[in-house]
Structures are given as C-alpha cells and as structure tokens.
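Report on one structure; see the data block that follows.
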Amino acid sequence: MSDTVIQVKDLTRWYIQKKVTKQDGKVSKKQTIKAVDGVSFELKRGETLGVIGESGCGKSTLGRVLIHLEDPTAGEILYNGVSSTQLKKKDRLAFCRTCQMIFQNPFDTFDPRYTIEKIFMSVLKLHKIGANEEERHNIMIKTLEDAGMAPAEDYIYRHPHELSGGQLQRISILRSMLLRPTFLVADEPVSMLDVSIRADIINMLQTLSKEENTAMVFISHDIATTRYISDRVAVMYLGRIVETGITDEVLHNPQHPYTKVLISNCASLDPLEKREIIEIEGEPPTPINTGPGCYFAPRCYQACEKCFKEYPEAKDLGNGHIVSCHFVGNDAEK
C-alpha cells in the first residue's frame with residue numbers, strides 16, 4: 001500500500017451569489033464566490049500539514065470539502081488512490097471511518113441530550129466496533145482513561161454542558177480516533193479553549209495521530225501552534241495556497257510577501273529575536289470575481305505592474321518549498 005494517504009488536485013469550491021434587489025431598486029448581478037480556488041497537495045501516513053492564513057481565506061471551507069461535508073465544485077480528492085466521491089457513494093460508513101473532522105467549538109459538536117456514554121456507544125454500535133455491550137463499554141472506559149480522564153465513571157454519565165471546553169474537546173478527539181481514520185481534519189481545535197490547557201490538547205492530538213499513523217490537516221491562525229504540530233505548512237490567501245513547504249523552512253525563511261507579513265505580526269518564534277513588523281493596509285478583499293493578477297497585489301508592499309495582470313506560477317525552490325510570487329526565482333518586470 002502506498003504511503004500517500006490523500007492527493008488533492010486543483011480542488012475548488014465556488015458559491016453562486018444570487019441576484020439581489022437593493023434599496024434603490026437596482027438589481028445586483030449574479031456573482032461567483034471562490035472560497036477555495038485550485039488547491040493541490042499530498043499527504044503521507046502520519047504526516048501533518050498545517051494550514052494558516054487570515055480569517056476568511058478559505059481554511060475552514062477547505063477542511064469541510066476534504067471530508068465531503070461540502071462537495072467540491074471541481075477538482076479531485078483521492079484517498080489511497082481512489083476517488084473520494086466513489087468511496088462515499090459505495091459505502092458511506094466506510095468513508096466516515098477513512099476520514100474524520102474535529103471542529104472548533106466542542107459544544108456544537110454533540111447532541112446536548114446525549115450523555116458521554118451514549119455519544120461513544122452510538123459510534124461503536126454504528127461502526128460495529130466491539131462484539132457486545134460489555135466489550136463496547138470496556139473500550140469506552142479504556143479510551144477515556146488512557147487519555148487521562150480517570151476514573152471514566154466521573155465523565156460518562158454527564159451531558160456535554162456539564163463538562164469544560166477542554167474536557168469536551170478531548171472527548172471530541174477521542175470519538176474521532178475511535179474509528180482509526182487514515183485522514184483527519186482539525187479545524188482550529190484549541191482556539192476557543194483556555195491558554196492553560198491548549199498544550200495538553202495539542203499533545204494529545206499529536207500523540208494519537210502518530211500512534212495511529214493518521215495523516216492530518218491542522219487548520220489554525222496561530223503560527224506558533226502550527227509550527228509545533230506540523231511537518232509541513234501551507235499558507236492560504238483568498239482561497240489559494242501561496243506558499244508551502246517544510247514547516248521550519250517556510251517559517252524561518254519565508255519567500256512570499258504575504259507569509260512574511262503573517263510571521264512579522266505573530267508572536268515571535270524566538271523570544272530573543274528582534275524583527276520589524278511589516279504593516280499592510282486594509283482587510284482581505286472578498287473572493288468575488290477575483291481579477292487576473294495576484295490576489296494579494298492590492299495589499300502587497302512589493303507589487304509591480306505585472307502583479308496586477310498575471311497570477312504568478314508556482315515555483316519550486318527545492319526540498320518541496322513552493323511559492324507563487326513573481327518576485328521569487330526571477331525578477332518581476334517593473
């Protein structure tokens with residue numbers, strides 16, 4: 001079996017904004033919103049890809065499309081060389097065992113009427129894990145206690161609202177990993193949790209994914225956390241990946257102007273490092289009817305005339321470090 005778990009080829013997710021009648025009586029035109037716009041990457045077993053970028057850049061939409069919570073508009077997703085669309089049509093339960101997702105808000109993840117016991121047991125029954133009730137109960141108890149939630153009896157009879165955010169996110173991760181998925185999407189899994197428990201949750205997620213050899217896409221706006229957990233990193237801007245490569249190489253030697261802006265404005269990776277903050281004006285534009293040039297050009301401190309006319313080709317700088325920028329590799333026409 002190949003080491004490559006997932007291959008994503010030119011993946012797009014576009015939405016059509018319908019015509020709207022404004023207050024002045026004018027009717028707006030139908031417009032295309034390009035939330036994910038031609039994303040490609042591969043992931044091997046046990047490998048973690050961190051996806052970073054500003055709010056609204058398409059990170060969460062990408063995560064939902066990867067596990068078919070939303071269907072792609074175009075492009076292809078292959079799991080172990082087989083189309084995800086075919087897998088889903090053939091056996092939906094098998095597809096769910098292949099890929100799982102951990103959401104940002106654990107309180108929105110579960111049915112509030114279910115106890116923790118019922119949450120676990122329903123998954124075990126649905127996927128026919130365990131020969132009988134007693135065996136399933138033992139699996140649940142062992143899973144919780146191995147994750148540090150001991151004694152398990154203190155948790156299994158509670159409802160989600162009776163647990164803290166950190167406890168509930170642990171349960172969310174454990175429920176997903178019960179199925180031993182080959183691919184996992186973690187969408188900002190610690191952003192809503194107290195700072196004091198984030199490290200424990202990240203360590204737990206990292207340990208479980210490595211033990212099960214699960215490939216993971218870790219979505220976050222926190223660069224320091226992404227650096228800690230990810231083997232490779234992809235920087236998204238307006239639905240496209242503008243730079244990707246080995247995490248330390250990208251974060252310590254960024255080549256795209258947008259990556260440089262993100263890193264200069266985050267908490268330093270080195271507490272003794274002195275660096276200059278790169279300031280840019282304005283919010284990210286909406287991904288509606290994007291122009292022919294580089295999407296970052298209107299905010300870029302390096303932009304030249306060519307940047308507004310042509311979208312830059314992806315350039316491989318070696319060792320898998322890929323950047324889409326006219327100023328990288330060759331001088332831009334000025």
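Sequential numbering from 1 along the given sequence is applied to the chain's residues.
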Looking at [Y], is its backbone amide N or carbonyl O close enough to the side chain of [X] to form a donor-acceptor pair, meaning the two atoms are under 3.5 Å apart?
X    : Y    : value
S209 : T214 : no
H127 : L178 : no
E145 : A152 : yes
T12  : A74  : yes
H256 : C325 : no
E249 : I246 : no
T73  : W14  : yes
T244 : I322 : no
N265 : I278 : yes
R198 : L193 : yes

Student check: side-chain heavy atoms of [X] and [Y] closer than 4.5 Å:
X    : Y    : result
P112 : F107 : no
D248 : R227 : yes
D111 : I119 : no
L317 : V328 : yes
F308 : C294 : no
T4   : L43  : no
Q167 : Y155 : yes

[atom1] of [X] to [atom2] of [Y]: how many Å apart, nearest 0.5 Å?
X    : Y    : atom1 : atom2 : result
T61  : D187 : OG1   : CG    : 9.0 Å
L11  : L66  : CG    : CG    : 6.5 Å
R175 : L124 : CZ    : CG    : 11.0 Å
H326 : E310 : NE2   : CD    : 5.5 Å
M216 : L184 : CE    : CG    : 6.0 Å
I6   : L78  : CD1   : CG    : 8.5 Å

Ion pair D3/K44, N-O distance below 4.0 Å: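 Looking at D3 and K44, the cut-off is not met.
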SB check K125 E133 (cutoff 4.0 Å): yes
Quick check: is [Y] connected to [X] through a chain of hydrophobic side chains (ILVMFWY, heavy atoms under 4.5 Å apart)?
X    : Y    : answer
V123 : I141 : yes
M101 : L126 : no
V261 : V242 : yes

Using the side-chain contact (heavy atoms from CB on, under 4.5 Å) criterion, which residues pair with P106? Sequence neighbours excluded.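 For P106 the side-chain contact (heavy atoms from CB on, under 4.5 Å) partners, ignoring immediate neighbours, are L168, Q169.
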Would you say the side chains of [X] and [Y] form a donor-acceptor pair under 3.5 Å?
X    : Y    : value
E54  : H221 : no
D37  : Y311 : no
E188 : Q104 : no
S220 : D222 : no

Is the distance between the ring centroids of Y237 and Y295 under 6.0 Å?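 No.
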Measuring centre to centre across the rings, with the benzene-like ring taken for any Trp, is H68 within less than 6.0 Å of F95? yes
What pairs meet the salt bridge (Lys or Arg N to Asp or Glu O under 4.0 Å) rule with one or both residues in residues 208-219, with sequence neighbours excluded?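 Qualifying pairs: R180-E212, K210-D231.
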Name all pairs fulfilling the salt bridge (Lys or Arg N to Asp or Glu O under 4.0 Å) condition that reach into residues 67-84, sequence neighbours left out, sorted by first residue then second. R13-E70, R64-E70, D71-K88
Identified side chain to side chain donor-acceptor pair (under 3.5 Å) partner of H321 from the options K315, Q255, E243: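 Looking at K315, Q255, E243, the match for H321 under the side chain to side chain donor-acceptor pair (under 3.5 Å) is E243.
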Out of T143, L144, N138, which one pairs with M140 under the side chain to side chain contact (heavy atoms under 4.5 Å, CB included) rule? L144
